[in-house]
Asker: 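Encoded as structure tokens, here's the structure I'll be asking about.
As the structure lists them, so they are numbered: ligands from 1, and atoms in each ligand from 1. Values below: all heavy atoms of this structure, side chains included; hydrogens, waters and symmetry mates excluded. This one's a predicted model, so the numbers in the text were calculated from it and none came from an experiment.
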Amino acid sequence: MSRTVDKLWNGREVAARFRTMVRERADAFRRRYGRRPGLAAVVVGDDPASLLYVAGKARACQEAGLYSEVHHLPATAAEEDVIALVRALCGESRVDGVLVQWPVPAGIDYERVVSAMDPARDVDGFHPVNTGVLWRGRPALVPCTPLGILALLRAYGVSPAGRRVTIVGRSPIVGRPLAGLMLLHDATVTVCHSRTTDLAAATREADILVVAAGRPGLIGPEHVRPGAVVIDVGITRVDGRPVGDVRTHEVAAVAAAVTPVPGGVGPMTVAMLLANTVEAAFAREEGRVPRSQVWLEAGDAVAGRWGA
Ligand code: GUN
């Protein structure tokens, strides 16, 4: 059996390749339209993790040649103020993509805020129209973490088609949209959650196991079919360090591959946010609906670059 470290997938490296592609596309956009693709991020309140994530997204935009602006509203902001800002940003000519960092303070209904977005600028893919078209099998803008998971699997030459995929977690950000995306890519999908009675029975069925429960160390080798691919989306701070939902090295002893935390899915999420923003920019200028899927196809075209 190979050493367990050899089974860890390198999300940082794959994400860096995607960011290079994004940069090339952003440069082409600028040459064609005389401006950069633009992202506006809104953060409400002072949650330190959210502020860090949003700063990281803005920095990633800068490095990839995108325009970005960050709007920081106080925790006391009214829901109507947040909605008014989102509507205004969706009408700005420099802004092709808008996101509101989740979570928002109690008293603000995130679903109402997201629903106020222009679906064509909803680079998080959270608007009900984008949710609906994904589940109808005609995806437009797809949420960044599910898209990043698909891109990572494809980069390592793993196709979900015909595979049994078990997803642990039913959040609107990861579990639910990933189920729709996996179905679109011809997987047989099971979604488990906190009320699932026999979790291990469902996870042991999986050829591809994706864990997005937010419960550190939830998944051990007893949950994993030998030879499965295990994708760890969990990221919880424990004593100041990020910890995943999967006991990485124990699981790597039985799995074919495991994504580490940090350095697995996380960097892919940011790369896909940039990718969605560039796609939204081209679509807006070309008068068509944006399609996140173009980035999966673009990734396939250069898969050899990372030896998949
Ligand atoms: N909080 C955690 N993940 C995400 C994400 O993908 N988008 C937004 N807007 N907030 C998040």
Asker: Regarding R25 and the six-membered ring of F282, is the cationic atom NZ or CZ under 6.0 Å from the ring centre and inside 45° of its axis?
Answerer: yes

Asker: Going by the atom numbers of ligand 1, which of them fall below 4.0 Å from some non-hydrogen atom of Y110?
Answerer: 9 (N)

Asker: Can you pull out the closest protein heavy atom to atom 11 (C) of ligand 1? Residue, atom name and distance to 0.1 Å, please.
Answerer: Q101 NE2, 3.4 Å

Asker: Just need the protein heavy atom nearest to atom 6 (O) of ligand 1, so name the residue and atom and give the distance.
Answerer: D124 OD1, 3.8 Å

Asker: Who passes salt bridge (charged side-chain N to carboxylate O under 4.0 Å, His left out) against R23, sequence neighbours left out?
Answerer: D27

Asker: At what distance is the nearest protein heavy atom to atom 10 (N) of ligand 1, and which residue and atom is it?
Answerer: W102 N, 2.9 Å

Asker: Just heavy atoms, cut-off under 4.0 Å: does Y53 contact ligand 1 by side chain, backbone, both, or neither?
Answerer: neither

Asker: Looking only at side-chain N and O atoms, does D46 offer a donor or acceptor that is under 3.5 Å from a partner on H72?
Answerer: yes

Asker: Can we say E80 and R112 salt-bridge, meaning some charged N sits less than 4.0 Å from an Asp/Glu carboxylate O?
Answerer: yes

Asker: Decide whether S292 and N276 meet the rule of one side-chain donor and one side-chain acceptor closer than 3.5 Å.
Answerer: yes

Asker: Test your reading of the structure: does V100 have an N or O sitting under 3.5 Å from an N or O of ligand 1?
Answerer: yes

